[in-house]
Q: 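Can you keep this structure in mind? I'll have questions shortly.
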Amino acid sequence: MLKCKEVVQRADALIDGTPLSFGERLALRTHLMICRHCRRYVRQLDALTEHLRQQTPVAPLDDGEVDAILARLPPPPS
Amino acid sequence: MSESQLETPDFVERLRDGDRAAFALLVKHYHPRLLGTARRLLQPADAEEAVQESWIAAHGALARFEGRSTVLTWLTRIVINQARMQLRRQGREIQFDPTEDTGDALAHRFRGDGHWQTPPLTWTLHGPDALLTRDELKHCMEKHIDAMPDNQRLVLELRDIQGLDFGAICNILDISPSNVRVLLHRARTRLFQLVDHFQETGEC
């Protein structure tokens with residue numbers, strides 16, 4: 001039987017979709033079935049990583065900003 | 001133009017052939033992400049400079065890009081190397097292996113038998129309550145991410161904020177998957193502990 005501390009160690013694998021052996025998966029599932037604290041931990045860790053993912057800057061640069069960067073590149077060979 | 005279109009063999013071929021319009025598209029779409037990465041290691045002005053230098057370096061090296069990783073992975077690696085060079089000039093060296101043992105931020109919350117002593121509180125990051133404290137929590141998270149060791153902060157940025165896969169992160173940082181996982185676990189438990197504390201006390 002896994003201890004809660006071990007479930008917390010392994011929760012990252014669940015979040016990341018890391019392949020687990022049948023035995024590891026079964027041990028986690030059994031523990032999570034009976035332990036609401038660990039269920040809460042996994043659920044909230046998942047929400048937290050999802051929240052972080054939404055912080056990624058997605059807006060592309062505008063053309064003026066792109067031009068400013070390109071202006072510092074060496075000129076194309078003539 | 002989506003990011004996946006910047007990674008097709010045809011597009012990469014245009015880049016290698018020195019197509020300036022293709023390079024401009026790369027800058028337009030990837031610059032903000034690369035700047036986000038550089039800012040995890042450098043002050044804002046230095047980060048801008050590091051990414052600008054990276055574009056110059058990448059432009060010069062594109063003809064030799066072999067396509068063994070994605071263009072984004074290759075560029076991120078260049079940016080991090082530029083950032084490390086800047087840091088070295090300031091007398092700072094980043095150790096990417098998780099050598100220093102800062103431990104697990106949740107360790108004190110377990111009993112001696114390995115079960116919860118202080119279990120997590122129930123909280124959510126969505127909904128009306130979360131909206132009311134959203135800015136404070138965001139500020140608080142940023143403060144804690146800034147305070148992490150460089151290696152944890154960078155792995156958190158690449159994996160959980162940028163969404164890169166483990167293979168790409170290992171390639172970028174030259175460390176093993178198990179070391180990436182250790183660093184990521186430490187970074188995540190720190191943030192989990194912070195959110196739990198914030199939800200309980202309303203304080204950062």
Side-chain angles (χ1 to χ4, degrees), chain A residues 1-20 24 27 30-32 34-78, chain B residues 1 3 18 20 23-33 35-36 51-53 55-56 59-60 104 106-107 109-111 113-126 130 137-138 141-142 145 156-157 159-163 165-166 177 181-182 184-185 188-189 191-192 195-196:
Chain A
M1 178 72 183
L2 287 177
K3 295 169 180 166
C4 298
K5 202 172 176 174
E6 294 167 326
V7 173
V8 166
Q9 291 288 347
R10 289 161 174 72
D12 297 278
L14 285 179
I15 305 289
D16 292 316
T18 308
L20 295 169
E24 287 171 318
T30 310
H31 184 104
L32 289 173
I34 58 169
C35 179
R36 65 193 165 91
H37 298 322
C38 286
R39 277 204 303 280
R40 190 185 297 152
Y41 177 75
V42 172
R43 185 173 61 243
Q44 290 174 185
L45 184 68
D46 191 31
L48 178 59
T49 55
E50 188 59 41
H51 179 80
L52 289 171
R53 189 72 42 94
Q54 289 159 8
Q55 318 280 312
T56 320
V58 282
L61 295 188
D62 64 42
D63 292 342
E65 292 169 313
V66 175
D67 289 343
I69 289 167
L70 296 182
R72 289 183 53 187
L73 297 178
S78 47
Chain B
M1 172 67 78
E3 286 192 0
R20 214 163 163 94
F23 193 79
L25 280 170
L26 207 60
V27 171
K28 185 179 182 73
H29 290 275
Y30 282 160
H31 187 85
R33 292 176 64 127
L35 191 57
V51 180
Q52 174 76 54
E53 289 297 322
W55 285 122
I56 295 170
H59 186 260
D104 190 317
L106 296 171
R109 298 181 57 171
F110 296 97
R111 298 194 305 247
D113 66 2
H115 292 284
W116 289 101
Q117 163 97 36
T118 317
L121 299 169
T122 300
W123 41 259
T124 167
L125 297 166
H126 304 284
L137 181 60
K138 185 178 163 67
M141 276 196 192
E142 280 301 322
I145 294 173
L156 187 81
E157 169 70 27
R159 174 67 193 161
D160 283 348
I161 301 178
Q162 306 256 351
D165 62 37
F166 282 93
R181 289 179 207 284
V182 168
L184 191 58
H185 175 74
R188 285 174 175 169
T189 49
L191 280 188
F192 192 95
V195 178
D196 227 38

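Within every chain, numbering begins at 1; the chains are lettered A, B, ... in the order of the sequence lines, protein sequences first and strands thereafter.
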Q: What is the distance from atom SG of A/C4 to atom CD of B/Q117, rounded to the nearest 0.5 Å?
A: 11.5 Å

Q: For B/Y30, which atoms come within 4.5 Å of any heavy atom of chain A: side chain, backbone, both, or neither?
A: neither

Q: Given a strict heavy-atom distance threshold of 4.5 Å, which part of A/Q9 is in contact with chain B: side chain, backbone, both, or neither?
A: both

Q: Quick one: of B/L191, B/D165, B/I145, who has the most non-hydrogen atom pairs under 4.5 Å with chain A?
A: B/L191

Q: Working to the nearest 0.5 Å, report the span between CD1 of A/I69 and NE2 of B/H59.
A: 13.0 Å

Q: Sort B/L121 into side chain, backbone, both or neither according to what part of it lies under 4.5 angstrom from a heavy atom of chain A.
A: backbone

Q: Atom NE2 in A/H37, atom OG1 in B/T122: separation rounded to 0.5 Å?
A: 9.5 Å

Q: Supply the atom-to-atom distance B/D160 CG to A/R53 CZ, rounded to the nearest 0.5 angstrom.
A: 6.0 Å

Q: Please look at B/R159 and chain A and tell me whether the side chain, the backbone, both or neither of the residue comes under 4.5 angstrom of a heavy atom of that chain.
A: both

Q: Quick check: does any side chain N or O of B/R181 sit under 3.5 Å from a backbone N or O of A/A13, one acting as donor and the other as acceptor?
A: no

Q: So with a 6.0 Å cut-off around CZ of A/R36, is the heavy-atom count from everything else above 12?
A: no

Q: Identify the two heavy atoms, one from B/M141 and one from A/L52, that lie closest to each other, and give their separation to 0.1 Å.
A: SD-CD2, 4.2 Å

Q: Identify the two heavy atoms, one from B/A24 and one from A/L70, that lie closest to each other, and give their separation to 0.1 Å.
A: CB-CD1, 3.6 Å

Q: If you compare all heavy atoms of B/I56 against all heavy atoms of A/R72, which two are closest, and at what distance to 0.1 Å?
A: CD1-O, 3.7 Å

Q: Between B/G114 and A/K3, what is the shortest heavy-atom contact and its length?
A: O-CB, 3.6 Å

Q: Would you call A/V8 and B/R109 a side-chain contact if the rule is heavy atoms closer than 4.5 Å?
A: no

Q: Looking at A/A59 and B/P32, what are the two nearest heavy atoms and their distance?
A: O-CG, 3.3 Å

Q: For A/I15, is it the side chain, the backbone, both, or neither that has a heavy atom closer than 4.5 Å to a heavy atom of chain B?
A: side chain

Q: Go through the atoms of B/V27 and report whether side chain, backbone, both or neither lie under 4.5 Å from a heavy atom of chain A.
A: both

Q: Quick check for you: to the nearest 0.5 Å, what is the distance between A/L61 atom CG and B/L35 atom CG?
A: 8.5 Å

Q: Specify whether A/Y41 and B/F192 have parallel, tilted or perpendicular ring planes, treating 30° as the upper limit for parallel and 60° as the lower limit for perpendicular.
A: tilted

Q: With only heavy atoms counted, which part of A/D16 is less than 4.5 Å from chain B, the side chain, the backbone, both or neither?
A: both

Q: Using heavy-atom distances under 4.5 Å, tell me whether B/D113 contacts chain A through its side chain, its backbone, both, or neither.
A: backbone

Q: Specify which of A/V66, A/D12, A/T49 makes the most heavy-atom pairs with chain B at under 4.5 Å.
A: A/D12

Q: If you round to the nearest 0.5 Å, how far is NE2 of B/H185 from CG of A/L45?
A: 9.0 Å

